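Only heavy atoms go into these numbers, but all of them, side chains included; no hydrogens, no water, no symmetry mates. Everything numeric here is computed off the predicted structure, so don't read it as measured data.
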Amino acid sequence: MIIGLTGSIASGKSTVANMLSEMGFPIIDADLVARIVVEKGTATLETIKEVFGTQVIHEDGTLNREELGALIFSDPSKRKQLNDIMHPAIREEMLVQRQQLVQQGNPVIIMDIPLLFESRLQSFVDKILVVTVTEQKQLERLMARNGFTHEEARLRIQSQLPLSVKEEGADAVIYNNETIEETKQQLQKILAIWEQTN
């Protein structure tokens with residue numbers, strides 16, 4: 001069973017991913033994969049250099065994330081260009097990792113994909129688990145965690161698909177508004193049900 005874990009910024013998805021990891025489930029982390037595909041010497045990094053220029057590459061040949069981030073954050077067309085380069089490479093690497101874990105005989109594999117719905121990767125997984133919070137809680141957490149102003153936090157949240165939309169596309173939802181213990185109990189219940197029906 002391949003479980004797709006997703007949520008939104010400051011929803012607590014990483015907390016749930018850590019719980020799953022502690023339970024011993026293998027995890028394919030899309031954010032880690034996104035770093036692997038742009039490591040020094042990769043074809044993806046070479047393409048980024050060709051498209052965005054040498055200013056997005058450090059002198060040691062690694063990606064200058066700050067420079068690239070500044071370029072794409074305010075320009076939707078540049079952001080799309082970057083996504084068009086990154087997404088195929090990330091998808092390919094995630095499928096390679098998934099295949100390896102299947103071959104190793106893992107009965108349950110977690111694919112931690114923040115942009116599961118935005119990237120239309122529902123076909124990669126058998127079940128979708130969405131970690132959600134109230135909008136107020138999300139704002140508070142993001143401001144506390146990243147030191148954002150109310151406006152900065154709101155803009156970051158609005159740049160993603162609303163959690164309510166993700167909830168509709170989920171096979172199960174974890175409401176992460178209360179304590180970590182309550183979140184864990186919800187997770188254990190969902191896993192128990194899925195393991196019985198699988």
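Side-chain atoms of D112 and I28, non-hydrogen and from C-beta on, never get closer than 4.5 Å to each other. Between I3 and F25 the shortest side-chain heavy-atom distance does not fall below 4.5 Å. Residues L45 and E39 fail the side-chain proximity criterion, which asks for heavy atoms closer than 4.5 Å. For the pair T149 and M143, the minimum side-chain heavy-atom distance is 4.5 Å or more. You'll find the side chain of I109 stays beyond 4.5 Å of the side chain of I27, heavy atoms only. Counting heavy atoms from C-beta outward, K13 and P114 have side chains that approach closer than 4.5 Å. Looking at heavy atoms from C-beta onward, W194 lies out of side-chain contact with D126 at the 4.5 angstrom threshold. Side-chain contact between E67 and F52: absent, with no pair of heavy atoms (C-beta onward) separated by less than 4.5 Å.
For the pair N106 (side chain) and L101 (backbone), a donor-acceptor distance under 3.5 Å is present. Of the possible polar contacts, one joining the S159 side chain to the R156 backbone as a donor-acceptor pair under 3.5 Å is found. Although no hydrogens or angles enter the test, the distance criterion places no donor-acceptor pair under 3.5 Å between the side chain of S21 and the main chain of A17. Under a 3.5 Å cut-off, the side chain of T44 and the backbone N or O of V38 do not form any donor-acceptor pair. Of the possible polar contacts, none joining the N146 side chain to the F148 backbone as a donor-acceptor pair under 3.5 Å is found.
L68 contributes atom CG, which lies 5.5 Å from atom CD1 of I72 (distance to the nearest 0.5 angstrom). One finds the OG atom of S77 at 11.5 Å from the CG atom of L82 (value rounded to the nearest 0.5 Å). Rounded to the nearest 0.5 angstrom, Q99 CD and M94 CE are separated by 14.5 Å. Taken to the nearest 0.5 Å, the CD atom of Q122 stands 8.5 Å off from the CZ atom of R120. How far CG of L115 is from CG of D31: 8.0 Å, rounded to the nearest 0.5 Å. Taking CG from L63 and CD1 from I57, the interatomic distance works out to 5.5 Å, rounded to the nearest 0.5 Å.
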*Start with the C-alpha gap between Q136 and E140, add the side-chain angles, then the distance that decides, and say whether side chain to side chain donor-acceptor pair (under 3.5 Å) holds.*
CA-CA 6 Å; Q136 188 53 40; E140 286 166 10; 3.1 Å; yes
*Give the intermediate values and the outcome of side-chain contact (heavy atoms from CB on, under 4.5 Å) for residues M19 and I180.*
CA-CA 10 Å; M19 288 175 188; I180 284 194; 3.6 Å; yes
*Apply side-chain contact (heavy atoms from CB on, under 4.5 Å) to the pair Q138 and R154, showing each step before the final yes or no.*
CA-CA 9 Å; Q138 194 180 13; R154 202 176 58 77; over 6 Å; no
*Going through the distances and angles, do D84 and K80 end up as a salt bridge (charged side-chain N to carboxylate O under 4.0 Å, His left out)?*
CA-CA 6 Å; D84 289 347; K80 184 184 181 318; 2.7 Å; yes
*Determine, step by step, whether K78 and V51 satisfy the side-chain contact (heavy atoms from CB on, under 4.5 Å) criterion, reporting the C-alpha distance in whole Å, the side-chain angles of both residues, the deciding distance to 0.1 Å, and the verdict.*
CA-CA 9 Å; K78 282 198 166 68; V51 173; over 6 Å; no
*Run the numbers on L5 and I113 for side-chain contact (heavy atoms from CB on, under 4.5 Å), then give the verdict.*
CA-CA 6 Å; L5 175 67; I113 311 175; over 6 Å; no
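Inspection of the E93 and Q97 side chains reveals an N or O donor paired with an N or O acceptor under 3.5 Å. Side-chain N/O atoms of S8 and K166 include a donor and acceptor closer than 3.5 Å.
Applying the side chain to side chain donor-acceptor pair (under 3.5 Å) definition to pairs two or more places apart or across chains, those involving residues 167-182 are T132-E167, N176-T183.
Listed here is the closest heavy atom pair of S11 and L163: CB-CD1, 4.4 Å. A pairwise comparison of heavy atoms in I9 and Q160 identifies N-OE1, 2.9 Å as the closest pair. When every heavy atom of I90 is checked against every heavy atom of A34, the shortest pair comes out as CD1-CB, 3.7 Å. The two atoms that bring V37 and M86 nearest to each other are CG2-CE, 4.1 Å, heavy atoms only.
Transitive grouping of hydrophobic side chains (ILVMFWY, heavy atoms separated by less than 4.5 Å) brings V130 and L161 into a common cluster. By the rule that hydrophobic residues join a cluster once side-chain heavy atoms approach within less than 4.5 Å of another member, I128 and V16 end up as members of separate clusters.
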